[in-house]
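Here, residue 1 is the first one in the sequence, and each next residue gets the next number. On a predicted model such as this, the values are computed, not experimentally measured, just so you know.
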Amino acid sequence: MSQCRKRCKRQLTKVARYFYHFLMGTLTQDSVEDDFELSTVCHRPESMDKLQEQTKFTKKELQVLYRGFKNECPSGVVNEENFKTIYSQFFPQGDSSMYAHFLFEAFDTNKNGSVSFEDFVFGLSIILRGTVNDRLNWAFNLYDLNKDGCITKEEMLDIMKSIYDMMGKYTYPNMQDDAPREHVESFFQKMDRNKDGVVTIEEFIESCKKV
(Lines give C-alpha, C1' and ligand atoms only; values in the text may rest on other atoms or scores of the structure.)
Protein backbone atom coordinates (compact mmCIF):
# COMPACT_ATOMS: atom_id res chain seq x y z
CA MET A 1 0.00 0.00 0.00
CA SER A 2 1.39 3.42 -0.96
CA GLN A 3 2.24 6.04 1.64
CA CYS A 4 -0.37 8.41 0.20
CA ARG A 5 -3.07 5.76 0.48
CA LYS A 6 -2.10 5.01 4.06
CA ARG A 7 -2.26 8.69 5.00
CA CYS A 8 -5.70 9.11 3.45
CA LYS A 9 -6.97 6.07 5.32
CA ARG A 10 -5.49 7.41 8.54
CA GLN A 11 -7.61 10.55 8.26
CA LEU A 12 -10.84 8.53 7.95
CA THR A 13 -9.83 6.52 10.99
CA LYS A 14 -9.35 9.76 12.92
CA VAL A 15 -12.91 10.76 12.03
CA ALA A 16 -14.26 7.65 13.73
CA ARG A 17 -12.02 8.10 16.77
CA TYR A 18 -12.97 11.76 17.07
CA PHE A 19 -16.68 10.99 17.32
CA TYR A 20 -16.10 8.02 19.57
CA HIS A 21 -14.20 10.15 22.10
CA PHE A 22 -16.79 12.90 21.71
CA LEU A 23 -19.68 10.57 22.58
CA MET A 24 -17.78 8.91 25.39
CA GLY A 25 -17.04 12.30 26.94
CA THR A 26 -13.28 11.76 26.65
CA LEU A 27 -12.55 14.25 23.89
CA THR A 28 -9.60 16.51 24.62
CA GLN A 29 -7.81 19.08 22.54
CA ASP A 30 -5.19 16.47 21.74
CA SER A 31 -7.91 14.31 20.22
CA VAL A 32 -8.58 16.82 17.47
CA GLU A 33 -5.05 18.04 16.79
CA ASP A 34 -3.96 17.12 13.30
CA ASP A 35 -0.79 15.15 12.89
CA PHE A 36 -0.10 15.14 9.17
CA GLU A 37 3.40 13.88 8.41
CA LEU A 38 3.75 14.95 4.82
CA SER A 39 6.88 14.87 2.76
CA THR A 40 5.87 13.80 -0.74
CA VAL A 41 3.82 15.80 -3.23
CA CYS A 42 1.70 13.20 -5.00
CA HIS A 43 -0.76 14.90 -7.35
CA ARG A 44 -2.42 18.21 -8.08
CA PRO A 45 -5.97 18.30 -9.47
CA GLU A 46 -7.15 21.41 -11.29
CA SER A 47 -9.24 22.67 -8.36
CA MET A 48 -6.44 22.45 -5.81
CA ASP A 49 -5.98 26.19 -5.38
CA LYS A 50 -9.71 26.68 -4.87
CA LEU A 51 -9.87 23.85 -2.36
CA GLN A 52 -6.98 25.37 -0.45
CA GLU A 53 -8.95 28.61 -0.16
CA GLN A 54 -12.10 26.80 0.99
CA THR A 55 -10.50 24.45 3.55
CA LYS A 56 -7.94 24.52 6.34
CA PHE A 57 -5.50 22.27 4.47
CA THR A 58 -2.28 23.26 2.80
CA LYS A 59 -1.70 22.52 -0.87
CA LYS A 60 0.68 19.69 -0.03
CA GLU A 61 -1.83 18.08 2.35
CA LEU A 62 -4.55 18.31 -0.28
CA GLN A 63 -2.30 16.68 -2.85
CA VAL A 64 -1.60 13.76 -0.52
CA LEU A 65 -5.26 13.35 0.37
CA TYR A 66 -6.26 13.50 -3.28
CA ARG A 67 -3.81 10.81 -4.30
CA GLY A 68 -5.03 8.55 -1.50
CA PHE A 69 -8.66 9.23 -2.41
CA LYS A 70 -8.04 8.43 -6.07
CA ASN A 71 -6.25 5.21 -5.14
CA GLU A 72 -9.33 4.08 -3.25
CA CYS A 73 -11.86 5.64 -5.65
CA PRO A 74 -10.44 5.78 -9.21
CA SER A 75 -13.69 7.25 -10.57
CA GLY A 76 -13.29 10.29 -8.34
CA VAL A 77 -16.43 9.57 -6.30
CA VAL A 78 -17.43 6.86 -3.85
CA ASN A 79 -20.90 5.42 -3.33
CA GLU A 80 -22.18 4.16 0.00
CA GLU A 81 -21.39 0.50 -0.53
CA ASN A 82 -17.80 1.25 -1.49
CA PHE A 83 -17.51 3.66 1.42
CA LYS A 84 -18.63 0.90 3.78
CA THR A 85 -16.14 -1.53 2.28
CA ILE A 86 -13.27 0.93 2.69
CA TYR A 87 -14.30 1.84 6.21
CA SER A 88 -14.63 -1.79 7.30
CA GLN A 89 -10.89 -2.20 6.79
CA PHE A 90 -10.25 0.13 9.72
CA PHE A 91 -12.31 -1.92 12.17
CA PRO A 92 -11.94 -5.61 11.27
CA GLN A 93 -12.81 -6.61 14.83
CA GLY A 94 -16.35 -5.24 14.55
CA ASP A 95 -19.19 -4.33 12.20
CA SER A 96 -18.77 -0.76 10.98
CA SER A 97 -21.50 -0.85 8.33
CA MET A 98 -24.13 1.15 10.22
CA TYR A 99 -21.71 3.79 11.49
CA ALA A 100 -20.26 4.08 7.98
CA HIS A 101 -23.81 4.62 6.70
CA PHE A 102 -24.34 7.53 9.10
CA LEU A 103 -20.93 8.97 8.28
CA PHE A 104 -21.56 8.67 4.55
CA GLU A 105 -24.85 10.56 4.95
CA ALA A 106 -22.99 13.36 6.72
CA PHE A 107 -20.31 13.62 4.02
CA ASP A 108 -22.87 13.41 1.19
CA THR A 109 -23.96 17.02 1.56
CA ASN A 110 -25.56 17.12 -1.90
CA LYS A 111 -27.64 14.02 -1.13
CA ASN A 112 -26.88 12.51 -4.52
CA GLY A 113 -25.75 9.12 -3.23
CA SER A 114 -22.04 9.73 -3.72
CA VAL A 115 -19.15 11.46 -1.98
CA SER A 116 -16.67 13.36 -4.13
CA PHE A 117 -13.17 14.37 -3.12
CA GLU A 118 -14.49 17.88 -2.49
CA ASP A 119 -17.21 16.52 -0.17
CA PHE A 120 -14.64 14.46 1.67
CA VAL A 121 -12.14 17.31 2.09
CA PHE A 122 -14.75 19.87 3.18
CA GLY A 123 -15.99 17.53 5.89
CA LEU A 124 -12.52 16.51 6.98
CA SER A 125 -11.41 20.14 7.19
CA ILE A 126 -14.26 20.96 9.54
CA ILE A 127 -13.74 17.87 11.71
CA LEU A 128 -9.99 18.25 12.10
CA ARG A 129 -9.39 21.98 11.84
CA GLY A 130 -12.67 23.83 12.07
CA THR A 131 -13.66 26.11 14.92
CA VAL A 132 -15.40 24.63 17.93
CA ASN A 133 -18.75 25.79 16.55
CA ASP A 134 -17.96 24.34 13.11
CA ARG A 135 -17.13 20.94 14.57
CA LEU A 136 -20.17 20.92 16.84
CA ASN A 137 -22.49 21.85 13.99
CA TRP A 138 -21.03 19.05 11.87
CA ALA A 139 -21.40 16.56 14.73
CA PHE A 140 -24.99 17.66 15.34
CA ASN A 141 -25.79 17.10 11.68
CA LEU A 142 -24.34 13.59 11.96
CA TYR A 143 -26.48 12.72 14.98
CA ASP A 144 -29.66 14.33 13.63
CA LEU A 145 -30.43 11.36 11.41
CA ASN A 146 -33.69 12.61 9.91
CA LYS A 147 -32.42 16.21 9.65
CA ASP A 148 -35.41 17.73 11.44
CA GLY A 149 -33.29 20.05 13.58
CA CYS A 150 -33.23 18.04 16.79
CA ILE A 151 -31.73 14.83 18.17
CA THR A 152 -34.02 12.24 19.72
CA LYS A 153 -33.07 9.44 22.07
CA GLU A 154 -33.83 6.96 19.32
CA GLU A 155 -31.42 8.67 16.95
CA MET A 156 -28.67 8.85 19.54
CA LEU A 157 -29.23 5.21 20.49
CA ASP A 158 -28.79 4.21 16.83
CA ILE A 159 -25.52 6.14 16.75
CA MET A 160 -24.26 4.62 20.00
CA LYS A 161 -25.15 1.08 18.93
CA SER A 162 -23.34 1.59 15.64
CA ILE A 163 -20.20 2.75 17.46
CA TYR A 164 -20.20 -0.21 19.83
CA ASP A 165 -20.81 -2.57 16.90
CA MET A 166 -17.90 -0.97 15.07
CA MET A 167 -15.47 -1.20 17.99
CA GLY A 168 -16.39 -4.84 18.52
CA LYS A 169 -16.45 -7.24 21.45
CA TYR A 170 -12.69 -7.58 21.38
CA THR A 171 -12.37 -3.92 22.28
CA TYR A 172 -15.00 -4.09 25.02
CA PRO A 173 -15.26 -7.76 26.05
CA ASN A 174 -17.04 -6.93 29.31
CA MET A 175 -19.49 -4.44 27.86
CA GLN A 176 -23.09 -4.92 28.98
CA ASP A 177 -25.88 -5.00 26.40
CA ASP A 178 -27.52 -1.95 27.93
CA ALA A 179 -24.33 0.16 27.80
CA PRO A 180 -25.39 2.10 24.67
CA ARG A 181 -28.71 3.04 26.24
CA GLU A 182 -26.98 4.12 29.46
CA HIS A 183 -24.72 6.43 27.47
CA VAL A 184 -27.75 7.89 25.70
CA GLU A 185 -29.45 8.60 29.02
CA SER A 186 -26.29 10.27 30.29
CA PHE A 187 -26.06 12.28 27.08
CA PHE A 188 -29.63 13.55 27.44
CA GLN A 189 -29.23 14.40 31.11
CA LYS A 190 -26.44 16.76 30.12
CA MET A 191 -27.83 18.06 26.84
CA ASP A 192 -31.62 18.21 27.14
CA ARG A 193 -31.79 21.43 29.15
CA ASN A 194 -35.56 21.94 29.04
CA LYS A 195 -36.34 18.21 29.43
CA ASP A 196 -38.61 18.03 26.40
CA GLY A 197 -37.13 14.75 25.17
CA VAL A 198 -35.10 16.18 22.28
CA VAL A 199 -31.80 18.05 21.96
CA THR A 200 -31.71 21.16 19.78
CA ILE A 201 -28.61 22.58 18.12
CA GLU A 202 -28.56 25.39 20.69
CA GLU A 203 -28.70 22.96 23.62
CA PHE A 204 -26.09 20.77 21.99
CA ILE A 205 -23.55 23.53 21.41
CA GLU A 206 -24.12 25.17 24.80
CA SER A 207 -23.74 21.88 26.67
CA CYS A 208 -20.68 20.75 24.73
CA LYS A 209 -18.89 24.01 25.37
CA LYS A 210 -19.39 23.55 29.11
CA VAL A 211 -17.84 20.09 29.15
- Query: side-chain contact (heavy atoms from CB on, under 4.5 Å) between Ile127 and Phe107: does it pass, once the steps are laid out?
  - Reply: CA-CA 11 Å; Ile127 295 166; Phe107 275 109; 4.1 Å; yes
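- Rounded to the nearest 0.5 Å, atoms OG (Ser114) and CZ (Phe104) are 6.0 Å apart.
- Interatomic distance, Phe188 CZ to Arg193 CZ, rounded to the nearest 0.5 Å: 13.5 Å.
- Partners of Asn133 according to the side-chain contact (heavy atoms from CB on, under 4.5 Å) rule, which considers only residues two or more places apart in sequence or in another chain, are Thr131, Asn137, Ile205, Lys209.
- Annotation: the span from Glu105 atom CD to Leu103 atom CG amounts to 10.5 Å, rounded to 0.5 Å.
- A salt bridge does not link Glu53 to Lys59: none of the charged nitrogens lies less than 4.0 Å from a carboxylate oxygen.
- Counting heavy atoms from C-beta outward, Ser96 and Phe90 have side chains that stay 4.5 Å or more apart.
- The stretch residues 140-160 participates, sequence neighbours left out, in these salt bridge (Lys or Arg N to Asp or Glu O under 4.0 Å) pairs: Lys153-Glu185.
- Rounding to the nearest 0.5 angstrom, the gap separating the OG1 atom in Thr55 from the CG atom in Leu124 is 9.5 Å.
- Taken from OH in Tyr143 to CD1 in Ile151, the straight-line distance is 7.5 Å, to the nearest 0.5 Å.
- In this structure, Phe140 CZ and Glu203 CD are separated by 9.0 Å, a value rounded to the nearest 0.5 Å.
- Side chains of Ser116 and Asp119: a donor-acceptor N/O pair is present below 3.5 angstrom, by distance only.
- Here Lys161 pairs with Leu157, Pro180 under the side-chain contact (heavy atoms from CB on, under 4.5 Å) rule; sequence neighbours left out.
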- Please assess Phe57 against Gln52 for the test side-chain contact (heavy atoms from CB on, under 4.5 Å), listing each intermediate value before the final yes or no. CA-CA 6 Å; Phe57 294 123; Gln52 185 181 6; over 6 Å; no
